[in-house]
Every structure is written in structure tokens, then in C-alpha cells.
Engineer: 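My questions all concern the structure below.
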Amino acid sequence: MFRLAASFLAAMLVALAAGCSSGTVSGDTDGGRRDSGDGSAVDAGDAGGDAGGDAGGDAGGDAGGDDGAADAGGDSPADGDGVAGDGGDGGGDGDGSTGPVWEQSGPYGGPIWSVGVDPQSPSTVYALSLPGVVFRSDDSGAHWHASSAIGYAGGNYSPFVFAPATPSAIYLAQGRLLQSTDRGRSWSVLSTEHADAVAVHPRDPETIFIAGSDDSAWPPAGLLHRSTDGGRTWAAIDLDPPMSGAYAIAFDPTSPSTMLLATHDPSVRKSTDSGATWSAGVELRFNFFAFHPDGGAAFGHGWSGLYRSSDSGDSWTPIDTLPDSRQVLGFAIRTQEPDTFYAATFDGGVDPLSEYYKLLASPDAGATWTEMDAGLNRTRGIQTLAMNPDDPDVIYGGTVTGGVFATRDAAASWQSANEGLAALWCLTAVAAPSSADILYVGTDELGGYRSADGGLNWTQMGFPVGGDWTFFRSLAVDAGSPDTVYAAGYAYLLDSSWVLMKSTDGGQTWTDRSPPAASFDHGVVAAALSSPQTVYAGTCGAGVFRSEDGASSWVAADAAAEALCIDAIVIDPRDAARVYVCSDDGGLLASGDGGRSWTELSSLGCPLALDPGNPDTLYLAGAGSLYRSTDAGQSWTPAGSIGGPVRALLVDPAAPETLYAAVEGAGVAVSQDGGQSWAERNAGLVTLDAEVLAIRPGEPASLLAGTRTTGLHVMEIQP
């Protein structure tokens with residue numbers, strides 16, 4: 001897992017870890033935006049999936065059938081016997097009905113773990129995002145769509161492995177072995193043994209090897225399994241000496257009886273009898289293998305750099321001409337000029353957030369190297385490479401956070417190739433109150449984005465001078481000026497601190513407007529609708545601050561909130577002095593005097609939603625239940641059950657009895673009777689991990705849902 005910044009990777013894996021067992025992942029959007037009818041896996045269900053898919057779309061039935069990704073009413077995208085999934089490419093809600101449908105809006109980009117080119121159809125390209133969403137392009141990377149979601153089951157994601165004898169079969173090792181035979185629309189679990197690496201025999205697709213580790217043991221015990229019947233049955237292979245785990249396993253394509261295995265130990269082991277027995281190995285740490293297209297040479301790369309073997313893996317010679325002793329993350333050999341190498345590298349700096357990525361090319365088998373970085377981001381660069389076998393001028397690079405970049409001139413220049421590839425974690429989303437077209441989104445790792453056309457197109461906002469500010473946790477827009485925006489986030493390279501910034505030009509430039517707190521750790525920001533210059537900032541351990549001059553100066557609120565970590569701030573739309581704060585320990589406090597004094601209203605939990613037309617009416621979601629107050633939180637009555645932990649809650653300003661909830665692991669739910677009953681609204685959602693909700697004003701208005709794995713989705717609100 002060395003390829004991603006450690007803090008980002010840890011945060012993503014904690015957020016995305018979910019129990020995934022046997023079953024099938026299914027779904028295909030067939031376009032950057034979904035058709036008006038979608039056979040969503042969540043809506044299809046075990047019983048109605050096949051019928052609904054037949055009635056409404058060619059993939060909707062599989063999405064909700066007996067091995068579907070998620071049952072109707074399931075607790076997560078990996079509920080019961082499903083791995084994870086979205087829906088099909090047509091068909092209403094999976095039961096033949098029609099209704100409002102989510103459209104994926106962007107922004108595009110995100111962390112890409114693997115890129116693969118179909119060897120039999122090189123215009124078909126696959127990309128796997130770190131959160132476990134498979135994207136497919138059918139036009140050489142010009143456009144992408146989310147094909148399916150495989151989730152995260154622990155361990156590493158392997159590269160895409162294509163079975164040469166049956167090119168429609170694709171394999172991924174990700175905590176278990178997955179196979180797709182329908183161009184990534186659905187995935188079957190071939191083995192639940194822990195698998196971090198997979199190899200398929202180049203001439204016999206029925207022979208498959210997986211390697212991984214048993215993390216339940218300490219120290220972890222290495223596992224190596226072989227199937228000779230296409231994955232239906234498996235046999236363990238004992239190694240002497242044992243290994244603790246594996247990074248990569250591969251067949252020599254010109255001599256398949258020879259295999260190589262890269263282990264955690266570290267060591268590189270060799271088999272000359274098709275994997276039956278293995279050598280003790282050479283002490284090197286490789287993460288990937290590559291083979292010279294003309295045969296006779298093998299390459300290993302990873303932590304140890306780049307090595308070449310001319311004796312099928314018995315001995316290895318370092319290609320030590322790479323600058324700065326760089327680690328090699330991705331490697332490709334030009335198929336028609338096999339002495340031309342491409343290497344995606346980084347310098348292995350002590351601070352993983354300041355690692356500089358470089359794309360290097362060698363025309364002389366590694367004797368000399370030239371930087372080929374035109375168009376790339378040097379701090380968030382390429383970490384995996386895939387070449388078009390028919391046109392080696394075309395190379396795809398999966399980046400740490402910037403999605404896919406492509407070159408069509410043999411790495412002389414690179415361009416973003418992300419249209420439709422939304423793989424960002426949307427941490428916050430807001431609509432400008434005074435403009436129906438202007439939206440802002442805050443992401444993890446790539447800062448903020450702005451749309452001036454209601455989410456059709458996005459522009460990445462600027463970073464503060466002197467720092468790569470990449471974590472936008474909270475955004476607020478001035479009620480009178482759609483270009484005045486406040487952002488609370490983390491400046492990785494700007495003294496590595498939490499800051500509150502203000503922009504008056506739509507996010508192009510920023511000024512530090514942090515309150516005078518000892519720490520603005522995990523801060524949030526909110527702007528008042530009734531008083532555009534009034535801004536509140538919440539901290540973790542330093543209380544709440546109020547500004548009445550657009551964050552130029554701050555006044556500390558009463559000390560009652562100082563011990564809390566403020567998760568959210570809700571301001572009465574008619575009275576800027578009336579404000580509510582939610583804390584991470586479930587407490588809800590209210591102030592009627594701008595924060596000078598506070599009253600605890602509830603310990604039930606968060607989030608809180610306020611009826612914009614009647615601010616005395618509040619809704620509070622806690623432990624899967626909804627509570628309602630009609631006296632500004634002085635008293636509460638049960639209003640209904642939502643069915644799971646709620647990440648976000650909204651009241652429709654045009655229909656106050658209509659509520660929307662982002663339910664953890666279950667997508668978006670709607671109630672049209674004040675919370676008494678709820679129905680899922682997931683048609684078109686690629687993954688069921690929405691945790692941000694907002695309403696875009698206009699005619700018609702739209703509901704926005706920000707997800708952890710596939711960016712922002714938009715759905716027209718139907719009266």
C-alpha cells in the first residue's frame with residue numbers, strides 16, 4: 001500500500017472497510033450520466049431483480065437478483081451475500097417502475113490504483129479507484145462510466161489481470177479473488193481466501209494462482225493457492241521456508257512453467273515446475289513484475305527500485321541509473337521498441353505528503369533516463385501505467401489523486417483523461433443562495449471545486465500561496481455574493497495546520513481568516529442567510545467563534561462549547577443570532593444571542609435539520625430514529641424510524657413535510673410525511689455511501705448528494 005500518502009490511505013480504508021462476502025457485484029451506467037431509468041441494485045432486491053431488470057434494463061436484473069450486490073433494504077452495499085454494486089443501465093427502480101433518478105455530476109478525478117487495457121480490444125480501458133469502484137472507457141479514455149463497485153475487503157488491490165486465452169475474463173485480487181466475464185459489469189467471487197495477487201496461466205485460463213496472507217495470525221502467515229478448474233476448487237501450496245504474505249505473482253509469458261513470487265519477507269522466489277515447488281528466494285522487495293516482450297528478461301520493481309533478470313529470476317541486477325534512488329511504482333516496456341522503458345517513480349521522501357512523483361523514459365534499456373512530465377502534477381503524480389499494445393504511443397497513467405492521465409505521443413505530453421470518472425470523496429457540498437447555477441464541493445486530497453452551471457462542469461479552485469491545501473472539510477457561501485466563499489480545511493504543506501480561508505473570487509485565491517484559537521483542529525464554518533457578513537467557526541477544543549464583518553475579526557463564544565469538537569453549525573435563516581451546534585459526542589447546543597450563551601437541548605445525536613419556512617421546527621436524527629421539535633428544541637417527540645445511522649438530514653424548503661436523509665450504507669431516503677415513513681431514492685447512485693446532502697435552488701430545484709467514492713450526484717426534485 002506504499003503508493004498513496006499514508007494519511008489519505010488510512011482515512012479512506014477506515015471509512016470504506018466493510019464486510020464483503022461471496023456474491024456478485026453488478027451494474028453499468030453506459031455513459032457519464034445515467035439514462036432516465038436505472039435498474040439500481042438497492043431497489044431491485046433478491047426477489048424482484050430479474051423481473052425488474054427485464055422490464056427496465058439489461059443489467060438491472062442481475063443487479064438485484066439472487067447473487068445481486070445488495071438486497072432491498074440492505075444495510076450496506078455489501079449486504080448479506082453481495083459484494084457491492086450499483087445498478088444496471090436502464091429500467092426505473094429495478095421493479096419496472098419509473099421515478100426520480102440520480103445523475104453523476106463530478107467533479108472528475110480521484111485516486112486510481114490500477115489501470116488496464118483490454119489486450120483484445122485496446123480501445124477498452126479500465127480504471128480501479130482506491131475506494132473500489134471500477135470505471136470503464138470504451139473510447140480509449142475519452143469518456144468513462146462507473147461500471148461496478150467491488151468495495152474494499154482488506155489488503156491490497158492488485159492490477160487488472162486479463163486471461164490471454166479468454167480476453168473477456170478479468171481478474172482482481174482484493175482481499176479475495178474477483179472475476180468479471182462481462183467487461184466489468186459484474187464480479188463473481190472465485191475465492192474467499194485472502195488474496196493480494198493473482199496470476200492466470202497464459203495458455204491455460206483454467207489454471208489460476210492467488211497469493212496473500214492470513215492476517216488473523218501473528219506474525220501473518222503467507223498463503224498460496226492454485227486452481228486448475230477456473231477457480232471452482234482450490235488447493236493450498238506449502239512453501240519452504242514459509243512466507244508472511246505476497247505482493248505479486250506472475251507467469252513468464254514465454255515459458256509458463258517458470259513463475260515468480262514477490263513476498264513480504266522480502267524475497268523474490270522462483271518456480272520452474274508451474275508453481276509446485278519454489279526456491280528460497282533472493283532478498284529483494286518487489287511489488288510488481290514485468291517481462292520483456294521478446295522474452296529472455298524479467299523485471300521487478302517497487303520499494304527496491306528497478307531490477308532486471310536475464311536468467312528467469314535466479315539473479316537480479318539493479319538498474320541504478322534512476323535519479324535519486326527512486327522507487328518505481330509503475331513500469332511499461334514499449335512493445336515495438338523493447339529497449340524503450342517508461343517508469344512512474346517517486347523519491348521516497350520522509351514526509352509522504354511531499355513526495356515528488358516523476359515519469360521517466362529510457363530509450364536505451366535503462367542506461368539513461370529523461371523526465372517526461374509535461375502536463376503532470378509533480379506532487380500527486382502517476383503511480384500505475386498501462387500501454388495500448390497496438391499503439392505504444394498511447395499510455396495511461398493512474399494518479400495518486402488526479403484520476404487518469406493519458407499520453408498519445410509516447411509520453412512527450414500528458415493530458416487529463418477523466419471525463420465521467422468521478423472517484424473523489426465529497427466531504428461537503430453547498431449551493432450559492434443567490435445563484436441557482438453556482439455550486440461548491442470540498443474533497444479530500446484535491447481541495448475544492450466550483451461549478452457555474454449547476455454541476456455540469458467543474459473547475460478546481462486554487463490553493464493558498466505557499467501550500468498545497470488539499471482537505472476541504474467545510475464550505476459556506478455568502479448569502480449575497482456567490483463568489484464569496486469560506487472554507488475550513490487542512491493545509492498539508494502550509495505549516496501542516498487546520499485553517500479557515502476566505503475567497504472573494506470564487507475560490508481562485510484565498511486569504512487566511514482563521515479565528516484566534518489555540519487550535520482550529522477539525523474546524524467547520526457556516527454563513528448566515530439573513531446577515532451576509534455574519535460567519536460562525538466551530539473548532540475542536542477551542543469553542544465557537546463569531547464574526548460580523550465577513551471573517552475579518554472574531555469574537556469568542558461562551559466557554560460552554562469549548563470542550564466540544566464541533567461537527568456542524570446550523571444558523572436560523574431568519575435570525576443570525578440564533579445558532580445551533582452539534583458535537584462529536586452527540587450533544588446539541590443552542591444559542592439565541594450569537595454564541596454569548598448556550599443551552600444544551602439534547603444528547604440524542606446529530607445531524608440536525610431546520611425547517612427553513614418555520615425555524616422553530618427542528619428534526620434530529622440519532623441511532624436510526626428521527627425526533628421532531630416544534631419549539632426550537634425545547635422538547636422533542638419521536639417522528640419515525642429511518643432504519644440506520646444518518647450522515648446528513650435536510651428539509652425541503654418548498655415542501656416542509658418532505659425530508660431527505662443520507663443513511664450510512666443505504667444511500668438516500670425520502671419521507672413525505674414529516675419523517676413517519678421513508679422510502680429509498682437510490683436509482684442512479686453508483687455506490688450507497690452518500691454522506692452529504694444539499695439543495696440547489698431553482699426551477700426546478702435539485703437535490704445534491706455527495707458520496708465517499710463517486711463524487712457528487714444530482715437529482716431533480718419532483719413536486
Side-chain angles (χ1 to χ4, degrees), residues 2-4 112-117 119 127-128 156-162 197 199 247-254 260-262 266 268 284-310 312-313 316-348 355 357-373 376 381-389 392-400 404-407 410-411 414:
F2 64 96
R3 290 191 285 180
L4 292 177
I112 299 301
W113 189 270
S114 300
V115 178
V117 179
L128 174 66
N156 293 319
Y157 290 109
S158 75
F160 290 98
V161 174
F162 298 87
Y247 291 114
I249 186 170
F251 286 92
D252 184 333
T254 60
L260 298 176
L261 176 67
V268 181
L284 288 169
R285 176 170 289 179
F286 294 155
N287 296 79
F288 307 96
F289 292 113
F291 294 89
H292 199 284
D294 291 342
F299 297 85
H301 59 95
W303 283 107
S304 294
L306 178 62
Y307 281 70
R308 177 174 182 150
S309 175
S310 299
S312 301
W316 296 86
T317 302
I319 299 177
D320 53 11
T321 52
L322 290 166
D324 308 323
S325 300
R326 303 185 72 83
Q327 298 171 13
V328 178
L329 310 181
F331 181 70
I333 303 170
R334 190 172 175 86
T335 52
Q336 298 173 7
E337 298 174 22
D339 285 338
T340 299
F341 300 166
Y342 301 92
T345 70
F346 79 136
D347 67 4
E355 290 161 354
Y357 293 77
K358 293 181 181 178
L359 194 287
L360 305 173
S362 172
D364 47 21
T368 61
W369 297 87
T370 302
E371 294 181 18
M372 308 289 277
D373 287 320
L376 295 175
I382 290 176
Q383 61 177 348
T384 180
L385 291 170
M387 181 181 290
N388 184 321
D393 284 350
V394 178
I395 310 171
Y396 304 92
T399 70
V400 177
V404 174
F405 276 68
T407 177
W414 295 83

Engineer: Please set out all donor-acceptor pairs under 3.5 angstrom arising from side-chain atoms of residues 359-371, sequence neighbours excluded.
Structural biologist:
from, atom 1, to, atom 2, distance (Å)
Ser362, OG, Asp364, N, 3.4
Ser362, OG, Asp364, OD1, 2.9
Ser362, OG, Gly366, N, 2.8
Ser362, OG, Thr368, O, 2.7
Asp364, OD1, Ala367, N, 3.1
Asp364, OD1, Thr368, N, 2.9
Asp364, OD1, Thr368, OG1, 3.3
Asp364, OD2, Thr368, OG1, 2.6
Trp369, NE1, Thr321, OG1, 2.8
Trp369, NE1, Gly366, O, 3.2
Glu371, OE2, Lys358, NZ, 3.3

Engineer: Can you name the residues that form a salt bridge (Lys or Arg N to Asp or Glu O under 4.0 Å) with Arg334, not counting sequence neighbours?
Structural biologist: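 Salt bridge (Lys or Arg N to Asp or Glu O under 4.0 Å) check on Arg334 returns Glu337, Asp393.
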Engineer: Considering all heavy atoms of both residues, which atom of Ser158 and which atom of Ser114 are nearest to each other, and what is their separation?
Structural biologist: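 Closest approach of Ser158 to Ser114, heavy atoms only: O-OG, 3.1 Å.
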Engineer: Please give me the minimum heavy-atom distance between Ala197 and Ala248, naming the atom from each residue.
Structural biologist: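 Heavy atoms of Ala197 and Ala248 come nearest at CB-CA, 3.7 Å.
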Engineer: If you take all heavy atoms of Gly397 and Val115, which pair is closest and at what distance?
Structural biologist: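 Scanning both residues, the minimum pair turns out to be C-CG2, 4.4 Å.
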Engineer: Any idea which heavy atoms bring Ala332 and Met387 closest together, and the distance?
Structural biologist: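 The pair with the smallest heavy-atom distance is CB-CE, 4.1 Å.
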Engineer: Nearest 0.5 Å, please: how far is CG in Leu385 from OH in Tyr396?
Structural biologist: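 Spacing of OH (Tyr396) from CG (Leu385) equals 12.5 Å.
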Engineer: Between CG of Leu306 and OG1 of Thr317, what distance do you get to the nearest 0.5 Å?
Structural biologist: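 Taking CG in Leu306 and OG1 in Thr317, the distance rounds to 11.0 Å.
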Engineer: Using ring pair (Phe, Tyr, Trp, His ring centres under 6.0 Å) as the criterion, point out the one residue from Phe291, Phe289, Phe341, Tyr307 that pairs with Phe299.
Structural biologist: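 Running ring pair (Phe, Tyr, Trp, His ring centres under 6.0 Å) over Phe291, Phe289, Phe341, Tyr307 with Phe299 returns exactly one hit, Phe341.
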Engineer: Within the distance-only criterion (no hydrogens, no angle test), does the side chain of Trp414 pair as donor or acceptor with the backbone N or O of Met372 below 3.5 angstrom?
Structural biologist: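 Yes, because the side chain of Trp414 sits within donor-acceptor range (under 3.5 Å) of the backbone of Met372.
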Engineer: OG1 of Thr384 to CZ of Phe288: how many Å apart, nearest 0.5 Å?
Structural biologist: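 Here the interatomic distance stands at 6.5 Å.
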Engineer: Do you know the tightest heavy-atom contact between Gly313 and Leu260?
Structural biologist: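 Closest approach of Gly313 to Leu260, heavy atoms only: CA-CD2, 4.0 Å.
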Engineer: Strictly distance-based, threshold 3.5 Å: is any side-chain N or O of Asn287 a donor or acceptor partner for the main-chain N or O of Leu329?
Structural biologist: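 Not at all, since once roles are kept as given, no pair shorter than 3.5 Å links the two residues.
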Engineer: Could you state the interatomic distance from CH2 (Trp316) to CZ (Arg308), rounded to the nearest 0.5 Å?
Structural biologist: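 Rounded to the nearest 0.5 Å, the CH2-CZ separation comes out at 11.0 Å.
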Engineer: What is the minimum heavy-atom distance between Ile112 and Ala127, and which atoms define it?
Structural biologist: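 Nearest heavy atoms, Ile112 then Ala127: CG2-CB, 4.2 Å.
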Engineer: Taking atom CG of Asn388 and atom CD1 of Ile395, what is their separation to the nearest 0.5 Å?
Structural biologist: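 The CD1 atom of Ile395 is 10.0 Å from CG of Asn388, to the nearest 0.5 Å.
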Engineer: Distance check, rounded to the nearest 0.5 Å: Gln383 atom CD versus Thr399 atom OG1?
Structural biologist: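 Separation between the atoms: 7.0 Å.
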